[in-house]
Amino acid sequence: MDLHSGLPFWIVKNELFNYYNPLSKNHKTEVAVIGSGITGALVAHELCKAGIKCSVFDKRTIATGSTAASSAQLQYEIDVPLCKMKKKVGEEAAAKAYHASLQSIKDIEKVLKEANADAGFQNLSSLWLASFKKDIKLLEREFEIRQKHGLPVEFLDDKKLKTQHKLNYPAALKNKEAAMMDTYSAATKLLKFHLDKKELELYSHTEIVKWKEVKNGYELETQEGKKIQCKYVVIATGFEAGQFLPKNPMKLISTYVLVSYPVAEKELWPERSLIWETNSPYVYMRTTSDNRIMIGGEDEDFRDPVRRDSLLREKIQKLEKKFSKIYPEIPFTTDMAWCGTFSSTEDGLPYIGTWPGKDRMFFALGYGGNGITFSMIAAQIIANKLSGKKDERTEIFKFER
């Protein structure tokens, strides 16, 4: 199934990673990573750094699945607010998940520097807007619990929000620990870094259609009948991981994204903050390195790609109107638009680790609005596990939580 349609900005902005290397013979490796998007690339990076031999397989052109459609906003906030998440998983686990997400932003920046990967990483502030006056109470509760657990946060009332950010909203929570980047560029450059060092084998247009447990590992089979022997498998295929799971633990969502023509830098909003809101589904906004504006949202429950794609024109109009309401003085003309599919979970947390009873198949499923930060966490947890290192985050993100 196509994970996105329309014209994602990142594939236009970047030179396509023109890499065509289908698996042509039987193969043996220690770890087989299925999926070459940002999750698979981060997993491969951490494994290579740990000295663990791995190979990455993807049925598509490299990194052209969900990664190409990402808006690439890096925020420690999770789709489920901390004050609500504590009721789902317990306050201690919820706070640890938020702190792990915060740390992962710094870790992503570090990884990109390690790999000499210029992916447009930029630290920014983040604003979570109260869509309505009634949402001020939610922000107040969230502000209190974040302060309690030492998370960076500032409460802005309507006057401060207007003065500092030119926004006419009842209130907002602000922090200065967010970032943005080019996820497609990050994924392809991480993979190329390890390819060039001959630490990694990468196979595109290679679909895994069968798998079975064997003594001390797994045997995978491609659509062309080639066999892959490995000790461990890492599933980094996003919501398409469902075929590898005994049951489906996620909900599929369609989201829509627009990118404007470039505007004069002086016309952009203060601090170029990442912006999102309390409304559900929420609108999210960022800028790009060439002074374009990216706005996304208008999420729908996913039914099928045809319905998802048929709504694109309608969603463009709605998102354009929403942007003009937020910043009426900033010109916005849509240049590119696309829709994509992602997964979410009830508690807002990803699934990382093995399915109970399947100790050699790992899942790195960064579901939710901040899948990239979750992908970084997953890569570290899996590399630590295979290196024999204890990682307390395992308990927070496991399937049987």
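Computed over heavy atoms, backbone and side chain alike; hydrogens, waters and symmetry mates excluded. Fair warning: this is a prediction, and the values are worked out from it, not measured in the lab.
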Would the distance check show the side chain of E142 and the main-chain N or O of L82 forming a donor-acceptor pair, the cut-off being under 3.5 Å? yes
Mind listing the closest non-hydrogen atom pair of G348 and I78 along with its distance? O-CG2, 3.2 Å
Heavy-atom count around K231 NZ within 6.0 Å, excluding the residue itself: above 12? no
Closest non-hydrogen atom pair between A130 and P170, with its separation: O-CD, 3.1 Å
With no hydrogens and no angle check, is any side-chain donor or acceptor of S36 less than 3.5 Å from a backbone partner on A63? yes
Would the number of heavy atoms belonging to other residues, nucleotides or ligands and lying under 6.0 Å from NZ of K315 be above 12? yes
I'd like to know if K49 and E199 make a salt bridge, using a cut-off of under 4.0 Å between side-chain N and carboxylate O. no
Would you say that S260 contacts F323 through its side chain, given a criterion of any heavy-atom pair below 4.5 Å between the two side chains? no
Keeping the roles fixed (side chain from H45, backbone from A379), state whether a donor-acceptor pair exists under 3.5 Å. no
Check against side-chain contact (heavy atoms from CB on, under 4.5 Å), F132 and D135: CA-CA 5 Å; F132 310 100; D135 296 332; 3.4 Å; yes
Check: M181 main-chain N/O paired with R286 side-chain donor or acceptor under 3.5 Å: yes
Side-chain donor-acceptor contact under 3.5 Å, N279 with S131: no
Give a yes or no answer on whether the side chain of W10 reaches the backbone of N14 with a donor-acceptor pair at less than 3.5 Å. no
Under a 4.5 Å cut-off applied to non-hydrogen side-chain atoms, are Y284 and T255 in contact? yes
Does the side chain of K174 reach to within under 4.5 Å of the side chain of L161, using non-hydrogen atoms? no
Under 3.5 Å, is there a donor-acceptor pair between the side chain of T206 and the main chain of S204? yes
Between the OH atom in Y256 and the CG atom in D309, the distance rounded to the nearest 0.5 Å is 7.5 Å
Which value, rounded to the nearest 0.5 Å, describes the distance between M85 atom CE and L349 atom CG? 4.0 Å
Salt bridge or not between E277 and K322? Use side-chain N to carboxylate O under 4.0 Å. no
How far apart are the closest heavy atoms of A337 and L258, and which atoms are they? CB-CD2, 3.6 Å
Contact summary for A187 and A41, nearest pair of heavy atoms: O-CB, 3.6 Å
A44 and L200 have their tightest heavy-atom pair at CB-CD1, 4.1 Å
Check: T341 and S66 side chains under 4.5 Å, non-hydrogen atoms: no
Does R307 form a side-chain contact (heavy atoms from CB on, under 4.5 Å) with S254? I'd like the steps, not just the answer. CA-CA 10 Å; R307 173 177 165 75; S254 297; over 6 Å; no
K106 atom NZ: more than 12 heavy-atom contacts under 6.0 Å: yes
Does the pair E92/K96 count as a salt bridge with the N-to-O cut at 4.0 Å? yes
I need the minimum non-hydrogen distance between I108 and T373, along with the two atoms involved. CD1-CA, 4.1 Å
Rounded to the nearest 0.5 Å, what separation is found between the NZ atom of K84 and the CG atom of D79? 11.5 Å
Please tell me if the side chains of P356 and F399 come closer than 4.5 Å, counting only heavy atoms from C-beta onward. yes
Does NZ in K398 sit with more than 12 non-hydrogen atoms of other residues, nucleotides or ligands closer than 6.0 Å? yes
Does a side-chain N-to-carboxylate-O contact under 4.0 Å join K385 and D391? no
Rounded to the nearest 0.5 angstrom, the CZ-CD1 distance for F332 and I293 is 6.0 Å
Any donor and acceptor pair, going by atom type alone, linking the side chain of T287 with main-chain N or O of N291 inside 3.5 Å? no
Nearest 0.5 Å, please: how far is CG in L127 from CG in L274? 8.5 Å
Between E271 and L124, is there a side-chain heavy-atom distance shorter than 4.5 Å? no
How are the rings of H27 and Y203 set to each other: parallel, tilted or perpendicular (split at 30° and 60°)? perpendicular
Less than 4.0 Å between a side-chain N and a carboxylate O, is that true for R272 and E265? yes
Note: K166-E329 ion pair, threshold 4.0 Å (strictly below): no
For the atom pair CD1 (I145) and SG (C83), what is the distance rounded to the nearest 0.5 Å? 6.5 Å
Please table the atom pairs, donor to acceptor, closer than 3.5 Å between any side-chain atom in residues 150-159 and protein atoms at least two apart or in another chain.
| unit_1 | atom_1 | unit_2 | atom_2 | d |
| --- | --- | --- | --- | --- |
| D157 | OD1 | K159 | N | 3.2 |
| D157 | OD1 | K160 | N | 2.9 |

Please check if the number of heavy atoms outside E144 that lie under 6.0 Å from its CD is greater than 12. no
Within the distance-only criterion (no hydrogens, no angle test), does the side chain of S70 pair as donor or acceptor with the backbone N or O of T67 below 3.5 angstrom? no
Using only atom types and a distance under 3.5 Å, with no angle test, would you say the side chain of N21 pairs donor to acceptor with the backbone of L202? yes
W276 and Y282: aromatic ring centres closer than 6.0 Å? yes
Please tell me if the side chains of S387 and I52 come closer than 4.5 Å, counting only heavy atoms from C-beta onward. yes
Assess whether side-chain contact (heavy atoms from CB on, under 4.5 Å) is satisfied between R308 and E300, documenting all intermediate values. CA-CA 8 Å; R308 177 196 66 189; E300 297 260 352; over 6 Å; no
Apply side-chain contact (heavy atoms from CB on, under 4.5 Å) to I275 and H165, showing your working. CA-CA 11 Å; I275 296 174; H165 294 277; over 6 Å; no
Determine, stepwise, if the pair D301 / K251 fulfils salt bridge (charged side-chain N to carboxylate O under 4.0 Å, His left out). CA-CA 8 Å; D301 288 348; K251 177 183 179 182; 3.3 Å; yes
Do we see a donor-acceptor contact under 3.5 Å between the side chains of N384 and Q380? no
Is it true that a side-chain atom of D335 and a backbone atom of V259 form a donor plus acceptor pair closer than 3.5 Å? no
Mind checking whether F244 and I34 have side chains closer than 4.5 Å, heavy atoms only? yes
Is the ring pair Y98/Y76 parallel, tilted or perpendicular, if the boundaries are 30 and 60 degrees? perpendicular
Assess whether a salt bridge exists between R401 and D347, defined as any Lys/Arg side-chain N lying under 4.0 Å from an Asp/Glu carboxylate O. yes
